[in-house]
2 protein chains.
Amino acid sequence: MTIHFSEGLIASPMFSGLAPKSVERLMRVARPVRFRRGENIFLHQSRADCCYVILSGWVKLYRVTPNGNEALVRMHSQFETVGFCDGLRDQVHSYGAEAASICRLLSLPTAEIRALAAEDQEFASRLLAHTLSALEQMFDQVESLKTQTAIQRVAAFLLRHARRVEGRTVVELPFEKSLVAAHLGIKPESLSRVLARLKAHGLALNQSEIEVVNRDLLEGVIRSDPADAWA
Amino acid sequence: MTIHFSEGLIASPMFSGLAPKSVERLMRVARPVRFRRGENIFLHQSRADCCYVILSGWVKLYRVTPNGNEALVRMHSQFETVGFCDGLRDQVHSYGAEAASICRLLSLPTAEIRALAAEDQEFASRLLAHTLSALEQMFDQVESLKTQTAIQRVAAFLLRHARRVEGRTVVELPFEKSLVAAHLGIKPESLSRVLARLKAHGLALNQSEIEVVNRDLLEGVIRSDPADAWA
DNA sequence: CGCCATCTTGAGGTGTATCAAACCCAGTGG
DNA sequence: CCACTGGGTTTGATACACCTCAAGATGGCG
């Protein structure tokens, strides 16, 4: 049931399609690591001498502001990579990483990654493409923070995570609600209230299960301008 | 007084240190373009077949949401690059670009950039480093949007742009106030009010001139937790 | 069962947006 | 020289969105 390390590596978009020789080279220095929920993976400002590929579980990237507040920057899950951003430049981490659930990672020395990038051109261009798409995702996040209200962000999040099971469209929250709230830039209490308000807009809440009963209505919440009132 | 095109190119962090052969190659296909303030450079979702280097002026990157709202994603100035993010992947632009002032750009065909990246390894790694730092800047932006209030973001912005002239610390806004507001994720009216409130925290406003009279006080505004009240 | 963490609900406060009006100021044209 | 114009900015009154603090509800788990 558990994924073998090398399978996990090549399942990651960043390493898929890598020459077998390069995979083997990486696997020689890769080490599997496990973390319990809440455990620290690396700290903000620490030397980035390891990058990680997630084999299972969720990892949260966050920053701590001078006044002790915490900003959740991104959430990452299976086969995504963590810590490359600073590792590739041989700098200190520009964010901290913490296990948001039990998770298994593959740790890779950044020195080896850099060396490989210098030799394997295909890998280098893959790295670039990967970074560019991360950048675009950050654009999305900034856009939603600047133009959408909390309700709209929640609605969009729910629709993104909605899956059809047995004819119904249900949303399984990928991680606990307080993390979902931080991810969307609001407080847990607000998330709770927003979910309650969305019951009037195509959402049904039956004891911890979230169901989308009217997709169009929910999409309407996202489309509508905050200036206009939706009752 | 005006910068020659090739000087502009190599002054850009993305192209500095490039082999003379590569510079020459790019200059053969580079074309200078001018825009008046408010003119469109490229549209969101249009094919990204040109990238740009800014020789002078300011460029704003923005997105238009389904409901007609506009989100300012980033501002760029001299020697920064615009449009590479999607050009390198041969995709459509993930944002629109507009001249925020009179500006001169150097337009480069993305096909040529991609070809050069494939051949010149040094350039490829420069591209990656550049993209990574853009990513980190987006992290900064998300952090400030999620953890700081409007007043704190304004204070931080002012301190970032404060310069010492003739013994006084003054802030010259790089572009008009409505753009500063959009950049910080607030409305122009709010920016106006916030500036007025900051007069009690080390800022002086003398008819369109902004002066930092007490840096520590301003920094205190940023440090303090929004929960605590600052009168 | 009782404990604990997580989530919800309520009351009240702060922050920012909205809409509308006044203001400032550089250009323009009489 | 002065009225007129129009964009950008400020100010005011008001509304809404979201936060804070505190109290309850829920649900897993020893």
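In what follows, chains are A, B, ... by sequence order, proteins preceding strands, each numbered from 1. The structure displayed is predicted, hence computed values, not measured ones.
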**OP:** Please determine, for the side chain of A:Lys187, which listed nucleotide (C:dC19, C:dT16, D:dT20) has the closest atom?
**Re:** D:dT20
**OP:** Could you tell me whether the side chains of B:Arg74 and B:Gln137 share a donor-acceptor contact shorter than 3.5 Å?
**Re:** yes
Original post:
Roughly how many Å is it from CG in B:Leu195 to P in D:dT11, rounded to a whole number?
Top reply: 10 Å
**OP:** Looking only at side-chain atoms of B:Glu189, point me to the closest of C:dC19, D:dC18, C:dG15.
**Re:** C:dC19
Original post:
In residues 173-182 of chain A, which ones come under 4.0 Å of DNA chain C, going by heavy atoms?
Top reply: A:Glu176, A:Lys177, A:Ser178
Original post:
Do the side-chain N or O atoms of A:Arg153 get closer than 4.0 angstrom to the phosphate oxygens (OP1, OP2) of D:dA17?
Top reply: no
Original post:
Between A:Phe42 and A:His93, how do the two ring planes meet: parallel, tilted or perpendicular, split at 30° and 60°?
Top reply: parallel
Subject >> Separation of atom CD in A:Gln152 from atom C1' in C:dA17, rounded to whole Å >> reply: 14 Å
**OP:** Kindly say whether the aromatic ring centers of B:Phe139 and A:Tyr95 come within a distance under 6.0 Å.
**Re:** yes
**OP:** For A:Ala150 and for A:Ser208, locate the closest nucleotide of DNA chain D by heavy-atom distance; then report the residue assigned to the nucleotide nearer the 5' terminus.
**Re:** A:Ala150
**OP:** Would you mind checking if A:Arg215 and A:Glu219 are paired as a salt bridge, meaning a charged N to carboxylate O distance below 4.0 Å?
**Re:** yes
**OP:** Name the residue closer to the 5' end of DNA chain D, choosing between B:Pro188 and A:Leu191 according to the nucleotide with the nearest heavy atom.
**Re:** B:Pro188
Subject >> Sequence-distant partners of B:Thr110, side-chain contact (heavy atoms from CB on, under 4.5 Å), two or more places apart >> reply: B:Asp49, B:Cys51, B:Arg114
**OP:** Kindly say if A:Arg37 contacts the phosphate of C:dT6, meaning a side-chain N or O under 4.0 Å from OP1 or OP2.
**Re:** yes
Subject >> Phosphate OP1/OP2 of C:dA17 contacted by B:Ser190 side-chain N/O (<4.0 Å) >> reply: yes
Subject >> Spacing between A:Asn206 atom CG and C:dT8 atom P, to the nearest angstrom >> reply: 13 Å
**OP:** Verify the distance criterion only: is there a donor paired with an acceptor across the side chains of B:Arg164 and B:Thr169 at less than 3.5 Å?
**Re:** yes
Subject >> Donor-acceptor pair present, A:Arg193 side chain and C:dG10 base, under 3.5 Å >> reply: yes
Original post:
Rounded to the Å, how far apart are A:Ile151 CD1 and D:dC19 P?
Top reply: 12 Å
Original post:
CG of A:Asn69 versus P of D:dC19: gap in Å, rounded?
Top reply: 11 Å
Subject >> Rounded distance (Å) that lies between atom P of D:dC16 and atom CD1 of A:Ile186 >> reply: 20 Å
Subject >> B:Gln148 CD to C:dT16 P, straight-line distance once rounded to whole Å >> reply: 11 Å
Subject >> Nucleotide D:dG27, atom C1' - distance to CD of A:Glu209 in whole Å >> reply: 16 Å
**OP:** Could you tell me whether the side chains of B:Lys146 and B:Gln141 share a donor-acceptor contact shorter than 3.5 Å?
**Re:** no
